[in-house]
Amino acid sequence: MTNSPSKRRSNHVILTSHLNGIGTTQTIPIRWGAATPSDRGPVISSVRSTIHRNVIGTHGGSYSVYRALAVANGTLDPDHRADLTNTAPAVPLGPYPSWSDPQKIVSLDPWGSVAGQVFGDFPKDYDILPSIAITKAHINIPELQQEVASGRLKVDGKILKEDGNLVVTKAAIDPVWYLPGVAARLKVAEWELRRILFQQTGGMFPELVTRPDLHVFLPPIGGTTVYIIGDVDTVADPSKPLAVRVHDECNGSDVFGSDICTCRPYLVHGIEDCIQTAQIGGAGVIAYCRKEGRALGEVTKFLVYNARKRQEGGDRADAYFARTECVAGVQDMRFQELMPDVLHWLGITKIDRLVSMSNMKYDAITNSGIEVVKRIPIPPELIPADAQVEIEAKKASGYYAEDEILTTDGLAQVKGREL
Ligand SMILES: [Zn+2]
């Protein structure tokens, strides 16, 4: 009994909001953007050892809260140390010049996938954990089988198998924010950003305002999953064709097939383009970002759906953005300024086919120094009937389109289903 986790839960509370003599000698500084991992220093976010921590927040993103529950109910030993045997990346990736450019990457740890290897000489007490994991998988998507049956997609036996399985390399990435860099991207002072992050999270992380010596923050938000189709080595090679879709999470459409938006059909079209590009000797990348409902969250999103469909005159393209703004105060909170980091982590300098119509994504990617050769809109036949409201409103607001943009009068005529 004395060995049970619940018996070993510590009641001793150590405030990390002030130095208090802690962390002054054994804390390793993080020199963001340094040329080598040893100069940069490890990100140490484990709560097991307070004296070594050199960041604000902890690892696991939003799942750190579930970890707390598991400790609270006694199922997880708070002293558990991860056994990382055989967890190294299934496919080597990087390093690329962008990994040591403090401007190119500010919202993830470029060394996060190899933390266990490049910082392997550190004593075990330092509890250095990866913030990125890279593995391989076979995925099977019903629409792709239909594409094969119709002849739009060809089975090659290596990338797309006879049984419809698609061979992918995938990476899960937790956010690691270098606050001076994030502040610069948003064009605010670092101190201003830190104060507002503290206030708007209900004071969740006092170190944001009391520990100016800590510049790295692990926010409790969702991360990004990258799916690479084709030869991983060609992704960073500008002489090889590359297709990219940066897709923001939409659970209702992506998983459950809701017809109010174009998310799943566009995602599948992106995967199709990635397969075709990989089959001609290049590669395709899907970056799937956990920014549900334009980062407003699903509750707000469903409230907006109700407001759109119940408004006078029904759900119309001319009132599409206004209804979101009424409920959320803004049209969008995705902040695409941080999004290109994942592309720079992959070493991408040129995208031959960007499968996106979003002007915000295009501007963020090209402003970050990545060349975009061609933008690929969603084919009209893939747009669900109820999603015409969304797509016409977006095109009229500046989204890339190859066909006609409707006027205000025309937008008022594009209507969706009633509740
Ligand atoms: Zn959607």
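Read the numbers this way: they start at 1 and go in the same order the structure lists the ligands and their atoms.
Judged purely by atom type and a 3.5 angstrom limit, Asp39 has no side-chain atom pairing as donor or acceptor with the backbone of Ala35. A donor-acceptor pair is defined here as one N or O able to donate and one able to accept, closer than 3.5 Å; such a pair exists between the side chain of Asp352 and the backbone of Leu242.
Aromatic pair Phe217/Phe205: ring centres closer than 6.0 Å.
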Distance-only donor-acceptor hits, side chain of residues 288-296, under 3.5 Å, sequence neighbours excluded:
from, atom 1, to, atom 2, distance (Å)
Tyr288, OH, Asp254, OD2, 2.6
Arg290, NH1, Thr225, OG1, 2.9
Arg290, NH2, Thr225, OG1, 3.3
Lys291, NZ, Arg334, O, 3.2
Glu292, OE1, Asn251, N, 2.8
Glu292, OE2, Lys301, NZ, 2.6
Arg294, NH1, Gln331, O, 2.9
Arg294, NH2, Tyr320, OH, 2.3

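Near the Zn ion (ligand 1), less than 2.8 Å away, sit the protein N, O or S atoms Cys250 SG, Cys261 SG, Cys263 SG.
Taking the six-membered ring where the residue is Trp, Trp345 and Trp99 present parallel rings, their angle staying beneath 30° rather than reaching 60°.
Just one of Asp363, Asp248, Asn359, Asn367 meets the side-chain hydrogen bond (donor to acceptor under 3.5 Å, both in side chains) condition when paired with Gln336; it is Asp248.
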